[in-house]
There are 2 protein chains.
Amino acid sequence: MRPDDFPEIRALPLFRDMEEERFHALMRGAYVQNFPPQVDLIREGEPSDFLHVLLDGLVELFATWNGRETLLATTRPVTTFILAATIRDAPYLMAARTMTRARIVLIPSEDVRAAFDADPAFARAIVADLAQGYRSVVKNTKDMKLRSSLERLANYLLREQRRAGGAPAFDLPFDKRRLASLLGMTPENLSRAFKSLQAYGVATDGGRVAIGDQADLERFAKPNPLIDDRTT
Amino acid sequence: MRPDDFPEIRALPLFRDMEEERFHALMRGAYVQNFPPQVDLIREGEPSDFLHVLLDGLVELFATWNGRETLLATTRPVTTFILAATIRDAPYLMAARTMTRARIVLIPSEDVRAAFDADPAFARAIVADLAQGYRSVVKNTKDMKLRSSLERLANYLLREQRRAGGAPAFDLPFDKRRLASLLGMTPENLSRAFKSLQAYGVATDGGRVAIGDQADLERFAKPNPLIDDRTT
DNA sequence: GTCAAGGATTGATAAATGTCAATCAAGGAA
DNA sequence: TTCCTTGATTGACATTTATCAATCCTTGAC
């Protein structure tokens, strides 16, 4: 792949401060692929041969056990995913599948580790990324262990609203079946949870959500930056 | 603190490969403290001023929200904790409290970050530690989302047995109230779960657990390295 | 030894959540 | 357009888990 093909990669926090030559070397070994929707990119337990960078489209990260499946996260452009497995040279803990058509850069894990060893700026960026990812998963664990499914939904909606710039109405980023799995509940339970939140001014129309009275919903949801602020 | 006082710190993966001079500088700013049981070491939301290294005793890491509390992890010697907050220079996401008398080294976070910038070997070790911690939390999330409380207990017992060297009987490392919280259930539910596992050869006598037929318990628990192997 | 305190267990009951089945609604293909 | 597929919703019911209260048991202080 030509190093200057995708300036948005270079602009990512992870690559922004790399030495120019290093970045070029890394990109020379990388390649871009286009995938249709519903394609398995990664399976749990496989060796982590590539660091993935999502340029376009949506990807879901999920895990399975004993015939059950749960959605752990979704990624939107431009983000890397499964960095920890790449760094540890350990098997993937999650599977990844495209939700839409997607354009993805694949960087050989070996090259990433080599660049890490050679470029202090890159090393710093990787650590920042990992520490942030770590904290993000811890927040998610607190969400799961300390809150009921109704409380999780309420706080999820407040987070999404924030992401949408604080507007009173916004679209869910994917279907409700996936949202239910992400929040650790069944679609039926989610459907009933939405109905319960009507009492706090939440209205839905398909995938569109309107929050009538944010303060009222917050009184119920009790959002907390140490759980719900997914940026620090 | 005198740098050579505690060779077990130097032996930790995190510090093992540091340059000698760097390690000494780091230790000069550090100090050791002894704490009685049940002492709050860290509160959620506080700035992360120190990286902690547990030399002796047991420490619990927990989180609270809306009057509820949940145990997220316990640490045993010799381990560091809350590395991610130190690296990010962000507030603690968990609180920490001694469970027993404990001896702890406190290293100013600023010094850790300086050492990280100056010593590539230390940087590598930090990344390895973070990536491992990250993966460990992901495994825990899978455990929580994919398994019932009974299945979580069964797999927990198999992990503890493994840690005890595979012996058929071993002691729980702390009381059942804490174990229940760690597994995300109430003490009453845990008590009943232990009773249910009698059908699979699990016997308890206070804090002592005996696994009569490991293969039988495994048939029920279906342990999976991508969830239960907490070392890779 | 006795006693007090806290954890563990048990029983009864309630609440939360999941399952199954049926129906409904929306969107894409022809 | 019409049909068909898939996701969403609803109702009835089962299961899991929590709550509350009582009792039991262990352990440590005296």
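Worth saying up front: this structure is predicted, and the values here are computed from it rather than measured. Order of the sequence lines fixes the chain letters, A, B, ..., with proteins taken first and strands second; residue numbering starts at 1 for each chain.
- Between L182(B) and F174(B) there is a side-chain heavy-atom pair separated by less than 4.5 Å.
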* How does protein reach along nucleotides 19-30 of chain C, written 5' to 3' as B (base within reach of a heavy atom under 4.0 Å), S (only sugar-phosphate), or - (no contact)? -> BB----------

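- In this structure, CE of M185(A) is placed 12 Å from P of dT9(D), rounded to the nearest angstrom.
- Using a 4.0 Å heavy-atom cutoff across all strands shown, G184(A) reaches sugar-phosphate atoms only and no base atom.
- Nucleotide dT9(C) holds its C1' atom 9 Å from the NZ atom of K176(B), rounded to whole Å.
- Within residues 137-161 of chain B, the residues approached by DNA chain D to less than 4.0 Å at the level of any non-hydrogen atom are S148(B), S149(B), in residue-number order.
- Judged purely by atom type and a 3.5 angstrom limit, T98(B) uses its side chain to pair as donor or acceptor with the backbone of Q38(B).
- One interatomic measurement links the two molecules: CD of Q38(A) to P of dT5(D), which rounds to 17 Å at whole-angstrom precision.
- Distance K195(B) NZ to dA8(C) C1': 11 Å, rounded to the nearest Å.
- Taking atom CG of residue D175(B) and atom P of nucleotide dT27(D), one finds them 13 Å apart after rounding to whole Å.
- If you take CZ of R178(A) and C1' of dT6(D), they are 12 Å apart, rounded to a whole angstrom.
- Remark: the backbone N or O of V59(A) is paired with a side-chain donor or acceptor of T75(A) at under 3.5 angstrom.
- Among Q161(A), E160(A), E218(A), the single residue meeting the side chain to side chain contact (heavy atoms under 4.5 Å, CB included) criterion with I211(A) is Q161(A).
- Contact check for K142(B) versus L72(A): side-chain heavy atoms found under the 4.5 Å cut-off.
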* Take E44(B) and T64(B) through the side-chain hydrogen bond (donor to acceptor under 3.5 Å, both in side chains) test and state the conclusion after the steps. => CA-CA 8 Å; E44(B) 275 178 273; T64(B) 56; 2.8 Å; yes

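- Put simply, the residue from R159(A), K139(A), R152(A) that forms a salt bridge (charged side-chain N to carboxylate O under 4.0 Å, His left out) with D228(A) is R159(A).
- R208(B) places its CZ atom 16 Å from the P atom of dT26(D), with the value rounded to the nearest Å.
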Under 3.5 Å, sequence neighbours excluded: what are the donor-acceptor pairs made by side chains of residues 193-204 of chain B?
unit_1	atom_1	unit_2	atom_2	d
S196(B)	OG	R192(B)	O	3.1

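- For the pair R10(A) (side chain) and F15(A) (backbone), a donor-acceptor distance under 3.5 Å is present.
- Atom-to-atom, CZ of F174(B) to P of dA8(C) comes out at 11 Å; the value is rounded to the nearest Å.
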